[in-house]
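In what follows, every chain begins at residue 1, and chains take the letters A, B, ... in the order their sequences are listed. This one's a predicted model, so the numbers in the text were calculated from it and none came from an experiment.
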There are 2 protein chains.
Amino acid sequence: MAAKLTNSRKTPCELCPLRPLPHFREFTSEELDFVSDFKKGELTVDPGAIVLLEGARSAHLYTVLSGWAFRYKTLLDGRRQILNYVMPGDLVGLQGSITGEMQHSVEALSTVTLCVFERTQLHTLFSRYPSLAYDITWIAAREERILDEHLLSIGRRTAIERAAYLLAFLAQRAKALRMVEGRVVLPITQQHVADTLGLSIVHTNKTLKKLADRGAIVWRDRSCDVLDEEALKAVSGWEGLEEKSRPFI
Amino acid sequence: MAAKLTNSRKTPCELCPLRPLPHFREFTSEELDFVSDFKKGELTVDPGAIVLLEGARSAHLYTVLSGWAFRYKTLLDGRRQILNYVMPGDLVGLQGSITGEMQHSVEALSTVTLCVFERTQLHTLFSRYPSLAYDITWIAAREERILDEHLLSIGRRTAIERAAYLLAFLAQRAKALRMVEGRVVLPITQQHVADTLGLSIVHTNKTLKKLADRGAIVWRDRSCDVLDEEALKAVSGWEGLEEKSRPFI
DNA sequence: CGCGGATTTGAGCGACGTCAAGGAGCGTGG
DNA sequence: CCACGCTCCTTGACGTCGCTCAAATCCGCG
């Protein structure tokens with residue numbers, strides 16, 4: 001089964017595993033009450049499952065509770081571009097909620113659990129909880145900033161710079177979310193990297209090999225171990241995104 | 001003089017030239033009053049002027065009233081990537097207002113007039129006018145959607161497809177805003193196109209020549225006349241963004 | 001063991017970059 | 001009016017980064 005909706009066994013927001021992380025901001029108890037009410041259930045999907053499909057008009061909006069996914073678009077002939085990766089605390093489907101129809105798809109990389117919200121209640125949130133509304137705008141502005149960086153990367157960096165940037169970026173996010181045990185392991189294939197960087201899979205492989213030869217990464221078991229994040233940042237010339245504490249819903 | 005602040009001679013929001021356009025949504029009179037109060041003055045800059053600089057902490061937030069500009073980022077060695085174009089009704093500096101520091105720069109293409117808002121009042125807007133707060137989120141989500149399209153384009157389209165997409169995109173936006181007299185004229189140089197598409201200027205020139213040979217465009221006088229928007233859409237395989245009525249502040 | 005997906009590697013090619021030079025248009029100063 | 005210097009556009013020659021085609025290997029899974 002690809003998707004499972006567990007209305008009954010939902011994690012109460014008071015016990016949200018993300019909330020204690022220093023990466024995320026605190027909630028007031030009022031906000032927490034509202035979000036808890038806003039949350040309608042949980043959805044768990046298997047790796048490879050499509051969470052949202054381009055063109056769909058979903059009644060829902062999600063926050064990722066655990067797991068990895070990615071957003072992508074495709075051209076008519078099948079060429080695929082991965083736009084960004086989706087990780088715990090990220091809002092999924094906001095674009096669809098606001099413009100009516102999803103303009104991109106979302107696919108799970110690992111088993112993913114999502115908090116389910118109802119699109120129709122978004123207006124209530126804006127009316128009654130301005131601080132949460134501001135948080136949503138904050139999250140949207142952050143996504144925009146990340147897309148800006150990706151655009152710079154794909155448009156103007158060389159293959160090896162792009163690859164190094166992407167892996168450093170993912171490693172940094174994973175570390176901030178404590179999604180790592182000791183070493184950082186990214187659950188992606190080289191095909192994902194290729195589709196993110198706008199490169200062919202063959203050239204991606206050769207480029208990643210160069211990074212591996214330098215000891216920055218190891219590719220193993222359909223995933224990438226990041227051994228030397230600083231080396232990746234040096235190769236790409238990327239400074240990293242400094243984020244102290246960020247909101248989530 | 002590159003910039004001129006005219007606090008005295010500001011266009012009252014009741015007489016905003018954008019408001020009557022079918023492209024934009026209506027305001028209630030209460031919203032209009034607030035926005036009018038929110039607006040602190042107007043800023044007019046000359047072509048080529050930097051409106052906002054990466055790294056700056058501006059106390060202001062702007063809406064474009066007239067003219068063309070673009071957002072961009074640069075790498076340390078000077079490689080430049082244009083992220084998107086800024087046109088009337090667009091919000092400028094929201095990212096800076098929310099994350100503290102601008103992560104990209106904005107430069108004027110033509111003479112640009114901007115409505116000036118104060119960043120500190122953004123919280124008041126969220127508290128007191130949820131509908132405007134929602135509009136701001138709407139605008140942010142729209143920008144995200146456009147960046148998604150650009151990313152797909154740069155990552156996966158060929159040079160001629162990318163060029164055709166970009167020009168069709170700009171032509172469509174210009175037409176929706178009635179920034180055209182008869183034919184669509186885009187006030188950009190080939191260097192701007194190159195920096196948007198992630199191509200060299202030489203290859204951009206050769207690519208644009210192909211589009212000109214097909215009769216889709218004419219390059220003239222530091223600007224691009226779009227003669228056949230449908231041809232551009234056909235070449236790029238881009239469907240266009242359907243937008244009925246959109247909000248602005 | 002066989003199969004399919006992921007990774008790896010080599011060979012050849014083509015899209016796009018770099019270098020270089022020239023022309024057109026425009027503003028400035030003589 | 002003309003010379004100049006500047007930016008932008010154009011074009012050719014040539015190099016290279018990244019793509020396609022092709023084949024081999026590895027691995028988990030049924």
Out of D/dA22, C/dA6, C/dC19, minimum distance to the side chain of A/V202 belongs to D/dA22
Within-4.5 Å side-chain heavy-atom neighbours: B/I154 and A/L151 = yes
Taken to the nearest whole Å, CG/B/N205 to C1'/C/dC16 is 13 Å
Atom CD1 of B/I201 and atom C1' of D/dT11 are separated, to the nearest Å, by 13 Å
Considering every strand and a 4.0 Å limit on heavy-atom distances, what is the contact class for B/G198: base, sugar-phosphate, or nothing? sugar-phosphate
For atom CG of A/L76, is the number of surrounding heavy atoms from other residues, nucleotides or ligands below 6.0 Å larger than 12? no
To the nearest angstrom, the CD1-C1' distance between A/I217 and C/dT7 comes to 13 Å
inquiry  = Strictly distance-based, threshold 3.5 Å: is any side-chain N or O of B/R246 a donor or acceptor partner for the main-chain N or O of B/E243?
reply    = no
Comparing A/K209 with B/D221, nearest DNA chain C nucleotide closer to 5' gives the residue A/K209
Exercise. Is it true that A/Y85 and A/H192 have ring centroids separated by less than 6.0 Å?
Worked result: no
| message | Check whether B/Q81 reaches the backbone of B/T74 with its side chain - one donor and one acceptor, N or O, closer than 3.5 Å. | response | no
Q. Does A/Q190 put a side-chain nitrogen or oxygen below 4.0 Å from OP1 or OP2 of C/dT8?
A. yes
A/L197 atom CG is separated from D/dC17 atom P, nearest whole Å, by 17 Å
Review point. Hey, does B/T189 reach any base, or is it just sugar-phosphate, or nothing, if we go heavy atoms under 4.0 Å?
Key: sugar-phosphate
Closest to the side chain of A/R222, out of D/dT20, C/dA6, C/dT9, is C/dA6
Atom CG of A/D195 and atom C1' of C/dA6 are separated, to the nearest Å, by 14 Å
Separation of D/dT16 atom P from A/K206 atom NZ, nearest Å, is 17 Å
**Message:** Regarding B/L199, tell me which of base, sugar-phosphate or nothing describes its non-hydrogen contacts under 4.0 Å with the strands shown.
**Reply:** sugar-phosphate
From CD1 of A/I188 across to P of C/dT7 the rounded distance in Å is 9 Å
With the side chain defined as heavy atoms from C-beta on, B/H203 is closest, among D/dC9, C/dG17, C/dT7, to C/dG17
Q. Are any of B/Q191's side-chain N or O atoms less than 4.0 Å away from OP1 or OP2 of D/dC9?
A. no
Against the side chain of A/T158, the closest entry in D/dG18, C/dG17, C/dT7 is D/dG18
Rounded to whole Å, CG of B/D213 lies from P of D/dT10 at a distance of 10 Å
